[in-house]
Structures are given as structure tokens and as C-alpha cells.
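Notes to accompany the following structure.
For clarity, every value in this text was computed on a predicted model and none was experimentally measured.
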Amino acid sequence: MEEKEKEKKKKHRAKHSGPKAEKKRKRYLNDLGIGEEEDARKRNPKAFTVQSAVRMARTFHRTQDLKTKKHHIPVVDRSPLEPPPVVVVVVGPPKVGKSTLIKCLIKNFTRQKLVEIRGPVTIVSGKKRRLTIIECGCDINTMIDLAKVADLVLMLIDASFGFEMETFEFLNICQVHGFPKIMGVLTHLDTFKNNKQLKKTKKKLKHRFWTEVYPGAKLFYLSGMVHGEYQKQEIHNLGRFISVMKFRPLTWQTSHPYVLVDRMEDLTNPEDVRINPKCDRKVSVYGYLRGAHLKNKSQIHMPGVGDFTVSDVSFLPDPCALPEQQKKRSLSEKEKLIYAPLSGVGGIVYDKDAVYIDLGGSHAHENEEEGVRPNHELVQSLISTHSAIDVKMASSKVSLFMDSRPLGSEDVGQEFVMPKEERQIDLKTGRVRRKALFDEEEKKENDDAVSDEEDDQEEEEAMSEDGSDGDDEEDAEEESDEGEEMALGSAKRLKTEVAKEESMSELPAFADSEDDLEMSSEEEGKTAPEENEVEEDDYDEQGTYRNESSDSEFEAVSKGVADSEKYEIASEDREMRSQLSARSLKKKTVLTTDSGNCTAEEASGSEVESLDEGDDEEQSHDELEAEVSNQKQFQHTWIKKADSSRQNKLEAVEAEDDDIENLLREEEEYEEKTDFSADTAGALKWKEDLTQKAAQAFLRQQQSTPNLRKLVYGTAVEDDEHESEDAGDELGGLFQVRRPDKESKEKANALDCSKFLIEKPQDWGLEEVMSSIKDCFVTGKWEDDKDAAKLLEEDEELYGDFEDLETGVVHKGKPAAEGDESENEEEGNDGKKSKPEAEEEEKKKERLDKKRKLKEMFDAEYDEGDATYFDDLKEEMHKQAQLNRAEFEDQDDETRVQYEGFRPGMYVRIEIENVPCEFVLNFDPHYPIILGGLGNSEGNVGYVQLRLKKHRWYKKILKTRDPLILSLGWRRFQTIPMFYIEDHNGRHRLLKYTPQHMHCGATFWGPITPQGTGFLAVQSVSGTTPDFRIAATGVVLDLDKSITVVKKLKLTGFPFKIYKNTSFIKGMFNSQLEVAKFEGAAIRTVSGIRGQIKKALRAPAGAFRATFEDKLLMSDIVFVRTWYPVSIPKFYNPVTSLLKPAGEKDTWRGMKTTGQLRHERGIKLKQNKDSLYKPIVREKRHFNKLHIPKALQKALPFKNKPKNLEKKGKTPKDQWRPAVIREPHEKKISALLNALSTVNNYKIKKARVKHRQQVKEYLKVKQKEEEQKLKRQKEAKKKIYRILGQREKKMQKSSLKGSSEGEKDV
Amino acid sequence: MAGGGGSSSQCLSYAGCNFLRQRLVLATLSGRPLKIRKIRAREEDPGLRDFEASFIRLIDKVTNGSRIEINQTGTTLYYQPGLLYGGSLEHDCSPSRSIGYYLESLLCLAPFMKHPLKIVLRGVTNDQVDPSVDNLKATALPLLKKFGIDGEGLEIKINRRGMPPKGGGEILFACPVRKVLQPIQFTDPGKIKRIRGTAYSVRVSPQMANRMVESARGILNKFLPDIYIYTDHMKGVSSGKSPGFGMCLIAETINGTILSAELASNPQGQGAAVLPEELGQNCAKLLLEEIYRGGCVDSTNQSLVLLLMTLGQQDVSKVLLGPLSPYTFHRSACMSVKLSLILGAGCATTLLNCAEQHILNQARNEGLAGWASLRAGESA
């Protein structure tokens, strides 16, 4: 038995492949001693030499081709550093498991279970990635909208059913609007019992999916459900896939800003709504900004609603921020945030002027253990406060007051204070309706001004909040803590300065208005230096920055003074308010060092300032300072009350004064320095008043800096004024803007010239003046790093020593002075040690620099050969990208936003006015709301030319002049396209229908969209049809305004007089003038005779003379072929599906086609009878008898003479043959005879055929024989001739011989 | 037409004829309709002048599908811009302003046409009010090149010289189209390496030009030896209809910055006769003044460079300018109003470089012509 088993045991089989075998082989080779050289190329170089130069060249070309193919045109990388969340759209037919998947994903990432999902859900999925997951229903509107904003599409496919129309529709939509990343997910795989069937289905679906997306596209399998959820591991894997996926930038998305809205608030004044429930609303929407930068006041489109202008944008702290940088690999529980306000998740929601707290309904406390929200404690802590506020609110009368407050006066203030373009900034201070939450403060107020101020303060709060680098949440905590403290009256000190500021700004809410004002003014004074000090610290080295900060400081101070003066003069309410607002503006200028806040008020303020300064300009610097301090003092005296806090302020102000002094002194020094460097050999005299000049220059600069800003914006104000005059009626007559603007009037019609004339040119004869620009020339003095002499010297140092090999002369470089010095220094150092080490280091650094420079030079020289154009381009782009990044990096967001707009990745709040009320009333969070930014003229409407192809899966063809719904750019709209095809000569000929399988052109009246943008067309967005819904796809070709689509028009006429080749035609035109227009036109008859219109006839009207290539007949119809331009119907109707009531959003119907209308109303089309097809009946033609005249007949030869074949006359009756009727017997006989004769005939026929055959064969044989005979004869003849020939030859020979012989013989 | 209201709401509205050119140009570039009221409404002869009318006609020529409505008195203008079309054109400019008046605006528009622009302008080539054609040729074209608008198609050619008041000059301006403009970093003006210039004279003694050159050199030679001023005396047909002379000086730095100054004689029959020596000296002084002002772009082209910067890609461009000319102020202001470039185009930090210089930097583009150019330049 054992033996048997042994036999049975398999022999060991050595491995021939795999890592083990490889290792073994290696070892073996090593043992042999050839293992080291694995590279065959090295081992056997001869085998790899160039065999064929041609082949070599080809391979080289090929590799180069492949390399080049990989290149893309390098573009500047504009992706934001902190990208917005990735938009993941989950799409699929109904009941495929979309919501389940979303829930599972959310649970996977955040460990939270959402019960109901409405709208987008934003989650933090990793250290560097956030996801916004949104479900896409089967409504084609939703599909179109979401395809435009999607970064990643999770395409759910029910494997048990296969692909459905929705899937393909969505894929097609994606293809048209830029192809986002698509990942397929197969669900319902557990329905397959048979494993083989499952495999086959998977494969089939995979390959179909690949043909649609791209070969190798990822298809995910979700095998089965466990407790109504997908398997955890699978979801986890899917999540990992999503969170590492890379996305390709899509052209449309990267060039347009857009927001996928995750929150919407109605800001309309409730009173307005009460008065007119259908009034236009003002809403604010929230979401992450994506794509490009968004500017305030820019145009946007809300698909499904319409076009709007952004009335205000602001950015809010990120509600779902990425975790701080950390070393950990995974996120902590605290960082796994989720934000979905539409679904009621997100804890605290920040607004511009309010904080919303989601209490989670009455079950909030029960869910405590579940919700692991980071700000949970905060929520809890605030709940009590909140209720208290509620109670207060209920009992107070503020709400009433708020409602009744006339909005008009507000508007007036706003209108006056804020010119159009500045509103962007000003709106921050401008009124925004406040949320009820923190409005309790307002109850205490009975003055508009106070509320305004508070606005300002809160604004400041917000700003300081932004400014502080700390965590937003922490900030919020601080803030709220503060609120509590205020409420409780405790006096807990906060540590940071920011907090201090906040508390300061919070205080006035409890004080009376007078105090408030003072406080705020002082506070302003205080905050400004504080800020500036911070700045100074930051930029200690950079004098320029200091200049700036001191500038702003100066400004602030003097402005404050100006304001205070004003305040004394005018104590009216309005004045106060405006002043306050101006002040708040200034506050901002100080805080943000911003340039744009130039309101009318401020302008006046700064005018005062500039006047002051203008006076001061001539005075010495000290005087100015003194005056400033005087003004300060004046301000101080103006302050009546002095409490403890104010004492501090005073100190602060004094400190500030000192600061100014210091700064100015520094400034002076700086000026001096620059001047010294600039001027080399200025006269001593000139040098004397250098300080003064510097001071003057400083003043000038100081003055000009704000002036620069003021000028740029001030003029705009002027422009605005003209408009505001128009808007004067709007103000309701409360305040009229009246202003003596004679000057501006003069200006408005001034000479339009770009030359910059000089008022008083400098005297260029003077030496000083000349020397001031001497350095601008190459002959002047250069900077150290550019001075040729200096550079040469340096070079000498480096390359000085060399030996001329030819002559053998050794050139010694000049003993480098510097180097020697340094050596000496070193020596000296050894001895003295007095030299500071810093200097040494400096020297070292210098040397290193020199080394690096040399290396760079060498590198540049060495690499030059490799650097291609592509590399250069790439490098350039990279540089630009870095520059773009660096330019605004050091500025805070507030400032940055003003320069570059809101950058993608920010969480923004966008206010929109004049939104139809239905948008708010019928708001359904299940439907996505998108704000798509429009390019500059994308808001315009005009003619657009497209290239269009009917979709091959769409069953009908499209008809010209039938309304069609297009999705183009952000928009969905109904329009009436006209189809055309381009003829070979470039003519655009109108088509009645789209061709079946061909592209055609289309023109419509609609929104201007850039060329190259894709679009798709559907005939209806309402309801669902079993058929494919996408009717056509295509691309925008042109935006030409002159439409050239033409339609053929044939004008017909009839000849009324025919000469040889000339005919007179009538009925084609109506007047001589018309004819004159068509002179020379080619005409044609139906029978094909071509001709030309010559000239009009006098009568009848419209008749003309025409020549033809042949004579016409009177029955001919003449026609001229003309082309008639078609006018494009100006019909543009945006699809407003979002305005439909909930549940009916997918029932939007626009204009109906005539066919639909007819069908609905049962109207039958009246057809033109002539257009109907009828069977063609052709009459037989009768030709008349040929008549030959008798004379001719006579002349004809007999052959051609008509024979007188007279008609046989009727046979007379007697000649009629009687009919023979046979007897039966005879019949039989005849039948028999007949049969016999038939047989006989057959026999004869057969015999004849046979005979013929025989004859044929006989002939064949005969022919053969004949041929043979001929052959024989031929041969015989040949023989004979040959013999004959020979004989003749012989004869000849013999004759020749014979003659001789003969002679001989003779 | 539910959504059609969007386009009308953004109609721009102004009063007064000031900056008419800028307004029209910017409206055309941004594609927004424009309404200007009260054009010289209070003056004795109200309404548009002939040169303005001529300018509007020119705008109409280079565009396709624009609508222009002017009321009877000419005090109100409504302009709905069409597509910038370009092509080969001719235009007779009004002799009351020089061709420079028209050319300046064409320089702004030309790169954004659908077809390359090739236009023949007839009228006054040099006068005292507007930048002359010589000047623009020497300064604006290199500037355009910096933005990537170059190639064979870019040229200004003076076929005939025409002086005011009668004119009779003719120039050819050709400009290729570009899809995108390159951002520029132009903050180092560099040192002036040479001074070039043209002294022209028509229908006067050819000696005038030489006299101007002499005197200008006298001043400039104190600074730089490399000076060459061409004399351009035109005769016969190409000398236009009126006599006159003038000079245009150009200072070029090692970094390619070009500063210019120019002067022309008084038109015939207006003002006192000017000595060519005096003119030459004054012109040289103007050039020195221009150098004193500094910057990488001279004062005539400030607005052009700002406009091109804003119309470029979404990249940061930097340029160093001298003190801003009033025209530039208005341009930037206009831009901010019209194109809502408020802060994008606005000025930012001011650095003190030498006595009287400002850096006007950071014109962050607006993406406006990101696609304005796309629209015009692309022919898919």
C-alpha cells in the first residue's frame, strides 16, 4: 500500500516562472559568473548595434511622435489651493438604489445616519477632500442641470434589468456638456441565482458601459443588501475610490463661476409679502463657489428660474471645513463633518449677521449619543439663550416697529451714500434684513442711527472674525460666549486683542446713543493704530509698507477730525447717520487698507482733509504734525464725558500720535536714503533743502495715494450722479439729490483726448532738474547688481587667473580686493575678534551666492540643448501660475475678494433680488438649484448658429419652425430653430426638416454663448416617454448677427410674344422697377431652354424682353430662380421648471407645436388639393395622317410614292364563306389526322435536328481533314520550296561559279 | 419672452459726450448697450460734432449688426453693439480731429475682431491735439507686441501726410486677431539706451526738419550720445493739402520701454507761426518731462495698456506707470463702471520708486474678453 502511495505521490516540479524561478535563475547565473550583467545590451553589445539606419530613424520618429502626442497645450494652473467639495452626482433610473447608496456613503464617511436626504450633502471625506453628494432624479431638467455641475457621476445600473433609457440619456447629456468622470455602479446583483448568468451579465454590461464611456472605465459591483444597506466593505471600497479619484478640468466649468446651492433663505420684507403675496422676492442662497472667480454685481443664471444680477455676495466661514494640517493618517471623529442644511443637518449655520442653530426638533436630546457633532456643546449652551430671546421677542414691539419702518428713507441713505460701483463694499455696511435671532438688541434702540451703528459694529465683528486666523468655531464660541457674558453681566476678560475689539463693539448696545457715538469714534481711533501696529510688526523691514500703513493712519486721524467738526455743526438725524456710515466705511478702509470705499460722504470728508493737507503742504513737516495733534486735542475737548474706558482711549490716541511722529521721522529718513541713492552729484545747494524736499515729496505722495484712489472712483461717482438724477423719482421725493454740478457738466462735455498735457513744465535748463533724470539713461549711474563695471570686477575675481597655453604666459587676475579684504579680515579676526560674526556670515553668503550663480550659469548653458519650446512654454505657465498665486497671497480675504473676486472654494452667500415669488413658494429641496455665472455678453440675446444633428435614437425628425427646448451653457430654454444646409457655394439653404443621418445647420434667436459650446435639444421636458428624449445634439458655430438663411423662390411668367430667340414675357413681375432689379438674371423654361432677362417693357406692367438660346413656344412656362432670406423668429423662452408647484416640476410645457395643437383640438389640416398625389393618367396621343401634297407626290420616285392602297371594301355577302360544321365522325377523323400530323411534324422536326447535328459533325470532321490536308500541303510546299531554294542557290552559286567556270569552260 | 428682460437691464447710461470713444469701445467689447444723453445739450450748437459722428460711423463699419440711434438734435445716442467683424475697410475721418483720435480706439478693438482688420484711414495725420500716427506707430505697436499681438499683419503705414486744417493724409492700419492676450509683467523700465524720432515737414521748406533736429539734439545730447532723428519731408501727392511740420521723439530703454513726446506746428492760419528751432527744443523738453514722469508705458498709452491688461486672460499682469493721465483715470473708472471691473482693474498698492512715480499694478483680469476675444477670434 505504502509503495503504491509513494508511487502516487507527484514528483516535484520545478517552477519555471514566477519570482521564485527568477531568483533561482539569477543565482544560477551568478554562479556561472555572468549573472552580474543581466543587461543583454552590455553583455553582447554587438547584437545591439545599428543594423539599419532607416529602421533606426523610423523608430526614432515613432517614439518622438508618441511623445509629442502626449503633450497638451500647457495652461496656467488656476485651481484654488483649497478646492471646493467635489460634486458627486448619483444618477440612475428609479428604484435602482440611489438614496440607499448616498446614505451608505454618508454613513461610511461620517458615521452618521441621515433619515431623509434633501438637496446636496457635503461631507469631509479625507484630509484634503470634501464631497458634495446629490441625487439626480429622472426629470430631464434635473439631469441636464446636474450634468453641468458634476465632477463625478455615480451611474447606478440595475443589473437585474440592464441599461435603461435614463442612463443613456444622462450619458448623452454629459457628452454634450463636457464629460465629467463617470463611474458605473451595478446594483441588484443578488437577484442572480446562477453564478454563470451573473458573470455573463456583468461582462455584457461592462462592455456596453465601456463603449459609452471609455474602454476600461471603472464599473463597481454592489453585490447585495444587508438590512437594507449595501455591504459595508463594498461601500468602503467605493468611498476610497471616490476619495482618491482625479478629475480633469472641464472647459465650461473652469471658465464660469457656479454654485450648487445648499441653502436658501427668503429675505423679503414680510410686510411687502403681506401687502402683496405675489411680490418679487429677495432671496439669499448659499453654497460653495466653484469654477472661476465670482465678481459682485455680475450676471448669473439660475437654470429653471431665469437671469439675475447678483445684488450682493459675501463669503462666510466654511461650514464644512477641511481639517487643519496634521500628521495623522486618518481623520478624527471630530473632523468628519457633514453639512446639509436642506436636509436639516449642519448644527450651527452662520449667516452674515446671524447664526442659525439647528435644534434637531424635539428629539434633539434623545439623539445626543448619535450625533457626534463638534459644536454640540455650543448648541446646548446656546439653547437657553435662544429661548430667552424668543420670549423677549414675543413680548416686545420691535417687530412691529421694524415692519413699519419706512424702507424708502433707508434707500435714500443708501442711494446717496453709495454710488453704484461701490456698493460692492458698501453693502456690507448697508442694511440687510436681520434675522430674528439676535434682534433683541434692537428692541432697546429707538433710533435708526443706533441700529446703523450696530450694523457697523457687527460688521466689524465679522471682519475681525475673518481677520483672526483662529478656528472659525472657536471664534464663534468666543462670540457667543461674549453674548452670554453680556447677558449675565459678568466681566470675564478675553485674552486676544480681537476679542477685546469685539467686546468693545458689543458694549454700545447697552449704552445710550450719545455715548455710543463717542465710543465708536474713539474706538475707531483705537482700532486703527492697533491694526497698523500689527501691520508694522509684520512688515518691519519693508519701508514701503510702512508708508502705506502710516498713510492710512494719517487718513483715519484726519478724517476723524473732519467728521467730528462736522458733527458739531450738524446734529440732525440724517446727518448723523450718514456720518456714521461714512465712519464705518473708514473703519473698513483702515482695516483692510482698501481703496474702493469712496462714498460721497467720504469724498467730502477727504476733501476737507486734502484741503488741510494742501495748506500744510508748503509748511514744514513739524508744523503739520503739530496741527494734527491740535486737531486731536480739539477732538478731545469735544468729548464731553470721560469714563474709565475713555481714559484708556485717550492714552491710546496719544500713543497713536507718538506713533505718527515716529513714523514720520522714519519716513523722512527713508526718503533721504532714496534720494541719496538716486542723486549722485547733486549740487550742494540742492542737497541743503533735501530734507524739506523729501518731506514735501512724502506729503505729495501721501496726498496722491488716496487721490489716486479717489480719482479713479470719484469720477465714477460723477457718472453715477447722472443716473441718480434719473433715479430721483425713485426716492419718493423724500430727499432729492440736488447738487451744483456745473463743473461736472462742463467736464461731461469736455474734449476727449488722451494726451497728458503738462501744466507747468520744469525748467530743463537747470542743472538740478537735469540731474534728476540723469540716471534714467544708460550713461547714468546703475544699481549695483546691474552695473557693468562692478559685474566685470566680480568676474575678474572669479575668472581672473588663467594661463594662455599657446604663449605659456600666466595671467594673474588682479588680486581681488574684496577677497583679500575678507582674508585680511579673517586674519584680523584671528587677532582682534572684534569683527562681528555677522559680517563673516555675510561674506560666506556672498560666496555661496556667487557659487550658485556660477552653477546656474553652467546649468543653463548645459541644459540649453534639451530645453524645447514645450518646456519653455510650460515653464512660463508655471511662472505665471505662481505669480497669480503669490500676488494676493499675503492679503486677507476681504481685500483679496475685492481685487480678484470670490475665489472658488469659498462658501458664499449670494443675495438676489426680484426673484419670482413662485421660486420661494414652490421651493422643493429635492430639485437642485444652481447659480451659473455668465460671461460678459452671455447675458445678451442674439442670433446663434449651430451645427446640429438629430440624435440617431430619436424617433422623429425635427421640423423647422417647431419650438424646441435647448440646453446650452447654463440655460435651458425654448426657442424656434431654423434648419439649413450649406450648399457647395456657401449658400445657407433652408431645410424643412432635419436630415436623417447628417449634420445640418440651425439658427435661432437666443442667449449668446461662446463658440464651441455644446448643446442638446429635447422636444419636451414634461412627463416621461418610453422613448429616448434627446432629440438632437450639436455645437455652437457662430454668433453672426447677419442671418443668411435663404429659401428658394421661383417666379413664373408666360411668353406673350415670341420672335426668333427673343420673347416678351409677362406675369413674372409687377412693375418696371422690379424688372430693372432683375435685369441680366438667368431664366429658364420648364422644358430647359435657358435665357436672360433683358429689359422691361412699357406695357403691360412688369413685362420684359428676354432672349433665349432657342425659340420658345407659347405654351412654355418661364421661371427665374431667386433666393429669399428667411427671418428667424425672435422667440426665446427660458424653461422655468423650478417655478412650478412642488410635484409638478417636471410638467413644464412651453409653446406647443402646431402639430400638438392640432392634435389636441382635433383640427384637421386643410390640404391643398393640388398638392395631393393622384394616379397619373396619360392620354394616348393621336397623330394626324401624313399629308403629302399632290405635286410632291408626283415628283417622288415610285419607291417613295404613297401607294394607293385602297381600303378593301366590304366583302359582299355572296362572297362570304359559309361556316363549316362537321359531323361527329368527321370531327373524329380530323382530330385523328390532327394528332397524326402532330406526331409526324414532331418526327420531322426531330429528324431535322438530328440531320443538322450530323451535318455539323460532318462539317467538323471535314474541316479537320481540310486542315490536316492544308498542313500537309504546307509542309510539302515547304519542302518543295526549300528544295527549290536550295536548287536556286546552287544554281546561283553555280552560275557565279559557272560564269567563271563557264569562262573557264569557255 | 420671459427671460428677455435680462439684457435691457444692463444698459449703460451716461451723460455728456466726454470719453465718448472709451464708452463706445468698452460697450463694444463688453457687448452691452449704451445710452449717452445730454451731449452738449446746453451749448450753442448742441449734439454730436462731425468727428464724433465720423467715429460712430467707423465703429459701425468695423462691427456687424450694431444698432445706432441718434435723436434729431444729436444730443442723445443709443448704441447697441454688434459683433466685431473687421476685414478690409476704408474710412474718411473728419479733418477736425486727427487720425490718431480714431486710431487709438481701433488699437483697442482690432485684436478682438473676427477677421483681421485692414483699414485705410484718410484725414489729418498729425495735429496738436491728438497723438499723431507717428507716435502711435512708434509706441502703441511695440506695446501690442508685448501682449502677443504681433506677426506680419501688424503695421501702421503712413502713405500720405496730412496736416490740419485740410488734411489729406492717408494711413494703413492692419492688425491680426488674437484668441487670448498674454499677461505682461512690465515693472522694470530700464535705462534709456537710445533716442530716435521723426521730424516731418510738408509743403514747407525741407530745411525745417533739419532745423528741428538740430535744436532737439542740442538738448538731448547732454544726456545720451545715441540719438538719431529721421527727417521726413513729403512731396507732391503724399504731402496732403496743408503745410506744416512737427516732430515726434522716442526714447527707448534697454528693457523695451518706449517713451514718446511730440509737437506739431500751428495749423495754417491759426495762431502765430512757430520757429522750428523752438519746436524742436520744446519737443525735446517734453520728452525729458516724459522721462521724468517715468513708468514703463508713456502717458498716451496708459489707457491702452490698462485695457489690454483687463482684457487678457485670468492672470495677473503688472505694469509700472508714471503719474496717471486724466484720460487714464477716466478709462479705469469707466471700466470699473461698465465692465464691473471695480476692483479688478483698480489701482492697488502705490510704491514710491523715485520722486514722482506710481506703480499701478495688479490688474487682475476679468475674463471679459476671455471670451470677447474667443468670440471674435475663433472661427470654429
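Using a 4.5 Å cut-off between heavy atoms, Asp763(A) does not touch chain B at all. Contacts between Ala284(B) and chain A at a heavy-atom distance below 4.5 Å are absent for every atom of the residue. At a 4.5 Å heavy-atom cutoff, the contact between Glu43(B) and chain A is made by side-chain atoms alone. For Phe223(B), the parts lying under 4.5 angstrom from a heavy atom of chain A are both the backbone and the side chain. Interface remark: Ile195(B) contributes side-chain atoms only to the contact with chain A (heavy atom separation under 4.5 Å). The part of Ile254(B) that comes within reach of chain A is its side chain, from C-beta onward, which places non-hydrogen atoms under 4.5 angstrom from that chain. For Gln185(B), the part lying under 4.5 angstrom from a heavy atom of chain A is the side chain only. Only the side chain of Pro225(B) comes within contact range of chain A, judged by heavy atoms closer than 4.5 Å. Arg97(B) touches chain A through its side chain: at least one heavy atom from C-beta onward sits under 4.5 Å away, while N, CA, C and O do not.
Within the 4.5 Å cutoff, the side chain of Phe777(A) has no heavy atoms near those of the Asp226(B) side chain. Residues Asn940(A) and Gln80(B) have side chains not in contact (no heavy-atom distance under 4.5 Å, counting atoms from C-beta outward). Proximity of Lys222(B) to Lys774(A): side-chain heavy atoms (C-beta onward) are nowhere separated by under 4.5 Å.
The salt bridge (Lys or Arg N to Asp or Glu O under 4.0 Å) test applied to Lys191(B) returns Glu783(A), not counting sequence neighbours. For Glu289(B), there are no salt bridge (Lys or Arg N to Asp or Glu O under 4.0 Å) partners at least two apart in sequence or on another chain.
For the set Val1035(A), Leu883(A), Val305(A), the entry with the most heavy-atom pairs within less than 4.5 Å of chain B is Leu883(A). Ranked by heavy-atom pairs under 4.5 Å with chain B, the first of Gln974(A), His301(A), Met770(A) is Met770(A).
Going from atom CG of Leu288(B) over to atom SG of Cys776(A) covers 10.0 Å, rounded to the nearest 0.5 Å.
The two residues Ile291(B) and Ile773(A) come nearest to each other via the heavy atoms CG2-CD1, 4.2 Å.
Applying the 6.0 Å contact sphere to NZ of Lys35(B) captures no more than 12 heavy atoms from other residues, nucleotides or ligands.
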